[in-house]
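Below, chain A is the first sequence line, B the second, and so on; all start at residue 1.
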Amino acid sequence: MSLQLTAGAIQEIMSGGNVDKPILQVLGQKKIAGGNGADRYRLLLSDGYHSHSSAMLATQLNSMIDNNELEKFTVIELQKYICNTIQEGRRVMILLEMNVVSSGGDVGATIGNPVAYKPGQPKTDIPAQPAAQPTGQPAATNGASAPKISKPNTPARGGFYNKGPAAAAAQQSPAAPNTPGGSAQRIFPISHLTPYQNRWCIRARCTNKSAIRTWSNSRGEGKLFSMNFRDESKEIRATAFKEEVDKYHEMIEVNKVYYIQKGTLKTANKQYSNVDNDYEMTFNRETIVTLCEEETDLPSVSFKFIAINELGNNPPDTIIDVLGVCKSASDMNVVIGKTSQKEIKKRDLDLVDQSGVSVRMTLWGNDAENFDGSATPVIAVKGCKMSDFGGRSLSVLSSSQMIINPDIEEAHTLRGWYDSVGSSMDFDTYKRDDSQSSGGGHSANWKNFSQVVSENLGHGDKADYFTSKATVMFLKRENCMYMACPSESCNKKLVDNNNGTYRCEKCSKEYDTYKWCMILNARLSDHTDQQWATCFQESAETLLGRPASEIGAVKDSGDETAFDNLFQEATFKQFIFKLRTKMETYNEESRLKTVCVNVSPVNHEEYSKKLIEDIQRLTTK
DNA sequence: CCCCCCCC
């Protein structure tokens, strides 16, 4: 039998291209002192035309060295590899999976006349290499069998490698003309991923994987699951839909490390996760995920625990991490969903920590069914939803990761505290926040302007009302006044007949007088953010400190300086604003519209009382 | 392309 090396493969790979399953010859190996006890091997490879010494054997293939499978002259078929660019554009191949085509002893000689490949050298046209004749036992052993005979003696890793980077990318390269060469890319830190380029390969640990969930809405239906991946630089959330669910849900396991290429990146919606990344990834049909079996120092699951007494200082309807002892758990019970009318299993846990506060956390479905709280376990939840029901309460989502008795330092500390002290303590509980929800619609619902944004006020079905203390920064005086119908309750804008009379379309009447009305846009500011608000008549009059008629009279006088001064004098004053905010859509364009419902001067005594209450609430919880 | 996570 004859052995044909993939001539030109080394040049192609080293210049950033991709070659699917090249046949190469091992011409040498060198052991490199490994950092953490793991030996690393560097192979001298040849394609018969070029040789290349910067090929690192993935450590999971070290057994091939130990078993003398990669002796000099061995011919291999390289199934999976990646190509990392290190400084000054130098590329290093990492050999992830290979088959021995013919053993070194069987081949017994260098095939072709390989010369050392020099990076950056101009590409040469490489003639097909003449086949070499193995010098070992000729037909007897090799002749009858297919070239890919010898299976490396490595741990089973079957399904994970069914479509590694090289193979998959090779199939794609014709369809991806903008990414010539496909997969031979260096490892990117997750922090460098952006939607603006697609040629990257990350190596990251899966730190969370959700269950499969189905959806059905007006835009269609399907199934999906989401994952988190983490490397030294950052974490990123990734979602797989439909076919990619079938492809990856079983394959991807929490805590394992993967090479990932060619995901779609888009801006993350922070509302739905607490992963610290502006982007998130969607797996598409070109995405390539390959298990990395090498030892890595990649960080594993990390939490940003919020102490239970601090939950109240964080905005509701956000995703957070929490750690607590399950002091008690209800039996599982079944409720009927309001909209779905389906039975839903739920179980409420009482979670406590060293802060001396307890909070209710609800488990749903299988989580509720399978939970056993009899041993008062420590529970860590990454990505649970916090709402303001009952002050604060938590809900474990299907995308949350709940770990019972996690092996992390905080959990051990908490366990020790609970067993010695906590188990006999009384805990404070969150209570319905009266400033937000009691009373007949005159409740304050104090928010600062950054909370208006972070809590997504105005994005729900109903308008949100909130109260803020703020300073008037700017009043837009252009078009802030209009001539309105003089009748008592009608504020309709009049049509000027230009003959000294005015018509009200609403009252179907002509008038020879009008009254001035105001719609005044104001830019407000507090210590956290700015907020535009529309102020109608009474609010505008309060801000400007005079009746609209008086302002209109100045306008009528034609004294523009005097008119400007009225607005100038009104800026930089503080008021208590009651505001209403709602997303409104005109011509398919949505924008948040915030209207001033009421303005009042700051009553400093009352406002101080509120501040004192805030402080007390913060310090006693 | 989801982003619902239900109940009190």
Sugar-phosphate only, base, or nothing, as touched by [X] at under 4.0 Å among non-hydrogen atoms:
X	value
A:Arg347	nothing
A:Lys223	nothing
A:Glu343	nothing
A:Ser395	sugar-phosphate
A:Asn217	sugar-phosphate

Closest approach of A:Gly383 to A:Asn274 (non-hydrogen atoms, all atoms of both residues)
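Closest heavy-atom pair between A:Gly383 and A:Asn274: CA-OD1, 4.0 Å.
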
Tell me the closest heavy-atom pair linking A:Thr376 and A:Lys327, and the distance in Å.
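Residues A:Thr376 and A:Lys327, closest heavy atoms: CG2-O, 3.9 Å.
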
Side chain of [X], base of [N]: donor and acceptor closer than 3.5 Å?
X	N	result
A:Arg237	B:dC3	yes
A:Glu221	B:dC2	no
A:Arg213	B:dC5	no

[N] [atom2] sits how many Å from [X] [atom1], rounded?
X	N	atom1	atom2	value
A:Glu369	B:dC5	CD	P	21 Å
A:Lys342	B:dC5	NZ	C1'	12 Å
A:Gln341	B:dC4	CD	C1'	16 Å
A:Tyr272	B:dC5	OH	C1'	13 Å
A:Phe371	B:dC5	CZ	P	22 Å
A:Lys338	B:dC7	NZ	P	5 Å
A:Leu394	B:dC5	CG	P	15 Å
A:Phe241	B:dC4	CZ	P	13 Å

Of the options [options], whose atoms approach the side-chain atoms of [X] most closely?
X	options	value
A:Trp215	B:dC1, B:dC8, B:dC6	B:dC1
A:Lys242	B:dC1, B:dC7, B:dC2	B:dC1
A:Glu280	B:dC3, B:dC1, B:dC7	B:dC3

Give a yes/no on whether any side-chain N or O of A:Lys346 is located under 4.0 angstrom from OP1 or OP2 of B:dC6.
no

Quick one: is B:dC8 close enough that its OP1 or OP2 comes under 4.0 Å of any side-chain N or O from A:Arg360?
no

Centroid-centroid distance, A:Phe241 to A:Phe283, less than 6.0 Å
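Between A:Phe241 and A:Phe283, the centre distance exceeds or equals 6.0 Å.
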
Can a donor-acceptor pair be found, under 3.5 Å and without considering hydrogens, that links the side chain of A:His459 to the backbone of A:Leu592?
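No: the side chain of A:His459 does not pair with the backbone of A:Leu592.
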
Quick one: do A:Ser468 and A:Asp526 satisfy side-chain hydrogen bond (donor to acceptor under 3.5 Å, both in side chains)? Show the steps, please.
CA-CA 8 Å; A:Ser468 304; A:Asp526 68 8; 5.2 Å; no

Nearest 0.5 angstrom please: A:Trp532 CH2 to A:Leu524 CG, how far?
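Spacing of CH2 (A:Trp532) from CG (A:Leu524) equals 9.0 Å.
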
If you assign A:Lys385 and A:Phe389 each to the DNA chain B nucleotide with the nearest heavy atom, which residue ends up on the more 5' nucleotide?
A:Lys385

